[in-house]
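Keep in mind that what you see is a predicted model, and the values were worked out from it rather than measured. Letters A, B, ... are given to chains in the order of the sequence lines, protein chains preceding strands, and every chain is numbered from 1.
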There are 2 protein chains.
Amino acid sequence: MTKIRDIAKRAGASIATVSRVVNGSGYVSAEMRARIESAIAELGYTPNAGARMMRSGSSRMVGVLLPALDVHFFGILAHVVEQALFRQGYHAMICSTAESPEHEAAYVAALLSQQVDGVILASVTADSVAVDRLRAADIPIVAMDRALPGLPTVSADHHQGGRLMARHLIALGHRKIAVTGAPGHSAPVQERVAGITAELAEAGLAPLAIRLAADHGFDACRALAADLLTDLAPSALIGTSDMAAIGALHAAAERGLSIPRDLSVIGFDDLPAARYTLPPLTTVAQPIRAIGEAAVHRLVARMRGQPLPPPPDLPLTLMERGTTAPPP
Amino acid sequence: MTKIRDIAKRAGASIATVSRVVNGSGYVSAEMRARIESAIAELGYTPNAGARMMRSGSSRMVGVLLPALDVHFFGILAHVVEQALFRQGYHAMICSTAESPEHEAAYVAALLSQQVDGVILASVTADSVAVDRLRAADIPIVAMDRALPGLPTVSADHHQGGRLMARHLIALGHRKIAVTGAPGHSAPVQERVAGITAELAEAGLAPLAIRLAADHGFDACRALAADLLTDLAPSALIGTSDMAAIGALHAAAERGLSIPRDLSVIGFDDLPAARYTLPPLTTVAQPIRAIGEAAVHRLVARMRGQPLPPPPDLPLTLMERGTTAPPP
DNA sequence: TTGTACGCGTTATCAA
DNA sequence: TTGATAACGCGTACAA
């Protein structure tokens, strides 16, 4: 690997001058700059990040901890965050913990060891030991998607989202409404359920049932909804996520139910897949892009020592598509 | 940040001994080890990666360059690769280039600067300047999903995939077969198209049309298929990806066509979304998990200086679901 | 079995 | 405007 000394030698300059050119700091004559720049181009010099970091104590990197990349929601979120960080001159170190404490601990250690300038915690559970280590390190942190006590958070209002789903069905005239979804241990999911229940209560209603699975895969969601449709006879099903709603659509089809004539189904998230079904899924859209960008915005401010921007307004939108209608 | 000297002081040892404990190298008495370990736990020591890297010249990191994380296929691939690397003791540095040369160049520089031990290039174009820099750096590289000349590659046989799609439709009795898909500039897509054409030719057929869009979003795919159905009257449509096929399903529905009675549709990839449609999509499954794991396997061997394992067998599987049937 | 001392590549300070 | 030099934190020869 060519180093700064090689460039200095080649350009007939000192390493200090090369450093000035590379970092755009201090005064360098035009002629000297040109000589050094061509030396850099010829030899293909890339500054050693380790050495840089050791001097400056900063790596211009931001850790992004999230539970999975193969779940489309988190893939999109990671993408948005990464792009936003890039625009601010930071590199994202994306770590998918696979919901395993072991992974989480290893990644937190790696982030600390890499001297990341900040961390975005996406949908991490509050009682995580690893997160405590991170907090102890006194690095700027922003929680995303799921609030973490004592940490600046950027998250949609899941409670309100639950209300919007219920409100839409109530307005259509539904009274026999059941809730299905996963994963049950997810705080955002629980908040949505609470919002649903609250909105129903205000209309003098209660959910026919609330069934949450541990697994949020397609098959689990479909099986859950199938049982629900067998046991009860709801006129509408609320999925706590698009995944759950799509599973419900399939469970209904298996039982010969026509959507939305015999059964209304509504989801949450508005992932791309919500538009793939036929009819396309009615759902409450979460502004994923805005969430990622706001998280970066708040984090960058803290990393620069600026005052923390206020939590942004992240409006949820009812996307009325083809799976909801008045009850039969 | 606590450093190795702090631990040494606290434990009444020298930094050399602490280093030995941390790295599990050399001899340390049990008593001393216990003292040092408790000091590490109390003070919360994490070795500085920059200093470590400077000494050893290695970062135990592997760069993963891919075009996007918000495209589900790449999100899944990134996840698989990341998990596999983790099991081998490497951390993944996932870089999504957003298909922008500027991003790509910046990330390549970052990878070089981070002294990554190896790089996995997913679906990168061959004529990329950035990649040339990477090759010049003499780091182990493996190309994934899309072959790169002169580099070990792990990729499904897209040509064969094209053949499988065509073969299935031909076997069902279809003769009026059209191809739709995106993005047109993607090499894997072009290979699939070539495979389709070859298989049709062997049956004495030619595609009714081949239409590829630049954009691989849902709307573009649907519009493309809609035009195709208006202009021609195929009995079957081959999507070069699940996305294209799902778009075709919607275009058909808009025109009142019943699937698979009036029109057969087949896709490629077998993403989770292929099962979301009603009826679920018939498609050719690409072994994404095996691809990611094989790429890591080959890369790790090279990083360890071991001989390069042979390219693995990555079988494609026809997933016969609900969108294909004999022609009307 | 443990400790001392050097060098890894940079940046920043200071002097010229 | 440029150059010499001292840290930064760690791993490892080598000495004890």
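Salt-bridge annotation for A/R133 and A/E104: absent, with no side-chain N of the basic residue lying under 4.0 Å from a carboxylate O of the acidic one. Between A/E293 and A/R87 there is a salt bridge, since a side-chain N of the basic residue sits under 4.0 Å from a carboxylate O of the acidic one.
A distance-only check finds a donor-acceptor pair linking the side chain of A/E82 to the backbone of B/S96 [under 3.5 Å]. Checked by atom type and distance alone, the side chain of A/T153 pairs as donor or acceptor with a backbone atom of A/L151 at under 3.5 Å.
Backbone-only contact: A/M32 has heavy atoms under 4.0 Å from sugar-phosphate atoms and none from a base. Among the atoms of the strands shown, only primed sugar atoms or phosphate atoms (P, OP1, OP2) are found under 4.0 Å from some heavy atom of B/V28.
At least one side-chain heavy atom of A/R298 sits less than 4.5 Å from a side-chain heavy atom of A/P311. For the pair A/V116 and A/V62, the minimum side-chain heavy-atom distance is 4.5 Å or more.
B/I40 places its CD1 atom 13 Å from the C1' atom of D/dC10, with the value rounded to the nearest Å. Rounded to an integer number of Å, the gap from CD1 of B/I36 to P of C/dG3 is 8 Å. With rounding to whole Å, A/I7 atom CD1 is found 18 Å from D/dG3 atom C1'.
Close to D/dG11, at under 4.0 Å from its OP1 or OP2, lies no side-chain N or O of B/S56. Contact check, A/S29 against D/dT1: no side-chain N or O comes under 4.0 Å of OP1 or OP2.
For the atom pair CD of A/E42 and CG of A/D6, the computed distance is 13.0 Å after rounding to the nearest 0.5 Å. Taking CZ from A/R55 and CG from A/N48, the interatomic distance works out to 14.0 Å, rounded to the nearest 0.5 Å. How far CD of A/E99 is from OG1 of A/T125: 9.0 Å, rounded to the nearest 0.5 Å.
In this structure, A/L299 and A/V119 approach most closely via the heavy-atom pair CD1-O, 3.8 Å.
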Derivation and outcome, side chain to side chain contact (heavy atoms under 4.5 Å, CB included), residues B/D70 and A/V80: CA-CA 8 Å; B/D70 57 349; A/V80 172; over 6 Å; no
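The terminal axes of the helix from C/dT1-D/dA16 to C/dA16-D/dT1, fitted over 5 pairs per end, subtend an angle of 40° to the nearest 10°.
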Table of protein N/O atoms under 3.5 Å from nucleotides 6-10 of chain C N/O atoms:
residue	atom	partner	partner atom	Å
C/dG7	N2	B/R55	NE	3.3
C/dG7	N2	B/R55	NH1	3.1
C/dG9	OP1	A/K3	NZ	3.2
C/dG9	OP2	A/K3	NZ	3.0
C/dT10	OP1	A/Y45	OH	2.8
C/dT10	OP1	A/N48	N	3.3
C/dT10	OP2	A/I4	N	2.6
C/dT10	O5'	A/Y45	OH	3.3

Tabulate protein N/O versus nucleotide N/O from nucleotides 14-16 of chain C, keeping only pairs under 3.5 Å, one per line.
none

